[in-house]
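Just below is one structure, and these are the notes that go with it.
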Amino acid sequence: MFTGFYEELHEEFREVVREFVTREVAPHYKEWDAAHMMPRSLWEAAAENGLLGLAIPEEHGGMGLTDLRFRMIIDEELARADCLAVGLAFHLHDHWVLPAVLQFGTDEQKETWLPRFMDASLITSVAFTEPGAGSDLRSIRTKAEKNSDGSWTLNGQKTFIGNGISGDAALVLARTGESHSLFLVEKSGNPGYQPGRQLDKMGLKASDTAELFFSDVRIPASGLIGEEGRGLEYAKAVLPEGRLGLGAAAVVVAGAVLDATLTYVKEREAFGQPIAGFQNTRFQLAETAAQLEAAQRLVGAAVEKHSDGSLSHADAAKLKLHASEFAKQAVDTCLQLHGGYGYILEYPVAQAFLAVRLMTIFGGTSEVLKETIAHDLLG
Ligand SMILES: Cc1cc2nc3c(=O)[nH]c(=O)nc-3n(C[C@H](O)[C@H](O)[C@H](O)COP(=O)(O)OP(=O)(O)OC[C@H]3O[C@@H](n4cnc5c(N)ncnc54)[C@H](O)[C@@H]3O)c2cc1C
């Protein structure tokens, strides 16, 4: 990240993360990629190193690190080691589910769930998308009906759910009568909570993505997050942080790929000279570096706004739109400079190409983000 972005405390934290990635992630990552699954022991190791639930306040046993730069360091170190799927799995847990519990959960819910968020005994998923509804969450069909004792019965189907198989609980958006509500639903003791097919993604294979089926799943009254009927509002409220996290991760990946490409073009030769000597190579890299710096500054400004609580929906949409489209283009440029090797999956640039392709889709497609920005501009 650009000069002056991180402070000493962040760099100390980076040491812990780098050691964790070197010891616990990098040696096993290829195996997980082939198995399309990461083991629980990875989550436990992350927990032991204090890397889960960084934003959990001290009163709930956490470190209260709401400064997003700490979480970006985790992404940077994973990108440096070409272990991108681990970042996606952690994002869902920390950038999407956790903010919902922190912002809208009761004290009792926080006491129950937050320690388990941190010690990896409650790995979580976000279960918003359905086969018939992704961008348009208003039209989801999964339904929760209230029972006479205040508990709920959940029926429906979700898809594209990250940590869907490995997770212990899902943040579920469901229809409740004419409106929608948000629930944290635990798998344990609920035989009707069934992961379905594991989906075979283009990239980021080490993180599991699956269908989820709910058949007469009983949710205790304490599983409802916030007030009944306000689920869409809550889901919307956590978007800015989630989108900032994804945008920042996209920029981080582009930066790591640019670094690797700078090394590659100096080593690879054609027509008797390093390909770094061709004007096209130099111009492509110069343009990418200039755009990277602009994207980094945009991330920096958004992180600052996030810290002082002023990051708006439009700010986050602009950031994610710009960052994810830039990263897609930048990684493609770098892949081209690798020639045929860029197309071979053992090269990090090929893995990154497949990973960043998701960034303009997940967490709000670029088209949906443009609608958000246009709404802010024009009403
Ligand atoms: C690998 C992966 C992981 C994912 N992980 C999760 C997860 O953990 N949890 C979860 O809940 N979801 C997850 N998703 C789902 C993801 O958020 C959705 O795919 C995304 O929101 C788009 O929804 P959709 O796929 O239904 O596309 P659609 O909404 O059907 O969109 C199809 C096309 O229409 C365009 N479109 C839609 N509405 C408009 C509009 N108003 N104006 C202009 N164009 C429009 C879209 O931009 C897109 O180009 C994941 C998806 C993938 C691929």
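One-based numbering, in listed order, for ligands and for the atoms of each.
- Of the N and O atoms on the side chains of Thr153 and Asp216, not one donor lies less than 3.5 Å from an acceptor on the other residue.
- Cluster membership check: Val97 does not share its hydrophobic cluster with Phe214, using side-chain heavy-atom separations under 4.5 Å among Ile, Leu, Val, Met, Phe, Trp and Tyr.
- Contact annotation for Leu92 and ligand 1: only side-chain heavy atoms (C-beta onward) come within less than 4.0 Å of the ligand.
- In the candidate list Ala170, Ser135, Ser366, Ser207, Ser135 is nearest to atom 23 (O) of ligand 1, counting heavy atoms.
- Within a 4.0 Å radius of atom 36 (N) of ligand 1, the protein contributes no non-hydrogen atoms.
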- Item | Asp75 and His91: CA distance, side-chain angles, deciding distance, side-chain hydrogen bond (donor to acceptor under 3.5 Å, both in side chains) verdict | CA-CA 9 Å; Asp75 283 328; His91 265 249; 2.8 Å; yes

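- By the definition of a contact as any protein heavy atom under 4.0 Å away, atom 33 (C) of ligand 1 is not in contact.
- Here Lys158 has no heavy atoms under 4.0 Å from ligand 1, in either its backbone or its side chain.
- Counting heavy atoms under 4.0 Å from ligand 1, residue Leu358 touches it through the side chain alone.
- Heavy-atom distances between Gly363 and ligand 1 reach below 4.0 Å in at least one pair.
- There is a protein heavy atom less than 4.0 angstrom from atom 1 (C) of ligand 1.
- For the pair Glu367 and ligand 1, the shortest N or O to N or O distance falls below 3.5 Å.
- In this structure, atom 9 (N) of ligand 1 is in close contact with the protein, since a protein heavy atom lies within 4.0 Å of it.
- Atom 41 (N) of ligand 1 has as its closest protein heavy atom Glu371 CG, 4.3 Å.
- Near Phe128, meaning under 4.0 Å from any of its heavy atoms, are these atoms of ligand 1: 11 (O).
- For the pair Arg14 and Tyr6, the cation sits on the ring face: its NZ or CZ lies under 6.0 Å from the ring centre, inside 45° of the axis.
- Two residues are said to be in side-chain contact when any heavy atoms from C-beta on lie closer than 4.5 Å; His10 and Phe70 meet this criterion.
- Looking at His36 and Gln198, their side chains never bring a donor and an acceptor atom within 3.5 Å of each other.
- Residues Gln336 and Asp332 bring no donor and acceptor atom of their side chains to less than 3.5 Å of each other.
- Each of Val368 and Ile373 belongs to its own hydrophobic cluster when Ile, Leu, Val, Met, Phe, Trp and Tyr are linked at side-chain heavy-atom distances under 4.5 angstrom.
- Checking only distances, Lys201 never comes within under 3.5 Å of ligand 1, N or O to N or O.
- Partners of Lys187 under the salt bridge (charged side-chain N to carboxylate O under 4.0 Å, His left out) rule, at least two apart in sequence or in another chain, do not exist in this structure.
- The protein reaches atom 12 (N) of ligand 1 closely, with a heavy atom under 4.0 angstrom from it.
- With respect to atom 46 (C) of ligand 1, the closest heavy atom belonging to the protein is Thr365 OG1, 3.6 Å.
- In this structure, Gln109 contributes its side chain and Leu224 its backbone to a donor-acceptor pair below 3.5 Å.
- Considering backbone and side-chain atoms alike, Val126 places an N or O below 3.5 Å from some N or O of ligand 1.
- For Val368, no nitrogen or oxygen atom sits less than 3.5 Å from a nitrogen or oxygen atom of ligand 1, counting backbone and side chain alike.
- Between Trp43 and Phe90, the distance separating the two ring centers is shorter than 6.0 angstrom.
- A single hydrophobic cluster is not seen to contain both Val252 and Leu321; linkage of ILVMFWY side chains at heavy-atom distances under 4.5 Å, directly or through other members, places them apart.
- Per-atom contact check: atom 52 (C) of ligand 1 touches the protein, criterion being a heavy-atom distance below 4.0 Å.
- Residue contacts with ligand 1 for Thr129 involve both N, CA, C or O and side-chain atoms from C-beta outward (heavy atoms, distance under 4.0 Å).
- The residues Glu59 and Lys110 are annotated as not salt-bridged, no charged nitrogen and carboxylate oxygen being separated by less than 4.0 angstrom.
- The N/O atoms of Phe160, backbone and side chain alike, include one that comes under 3.5 Å of an N/O atom in ligand 1.
- Looking from atom 20 (C) of ligand 1 to the surrounding protein, the closest heavy atom is Ile361 O, 3.6 Å.
- Of all atoms in ligand 1, numbered sequentially from 1 with element shown, those under 4.0 Å from a heavy atom of Gly162 are 7 (C), 8 (O).
- Every side chain to side chain contact (heavy atoms under 4.5 Å, CB included) that Ser125 has, sequence neighbours left out, goes to Ile161, Asn163, Ala170.
- Among all non-hydrogen protein atoms, the one lying nearest atom 26 (O) of ligand 1 is Gly134 CA, 3.2 Å.
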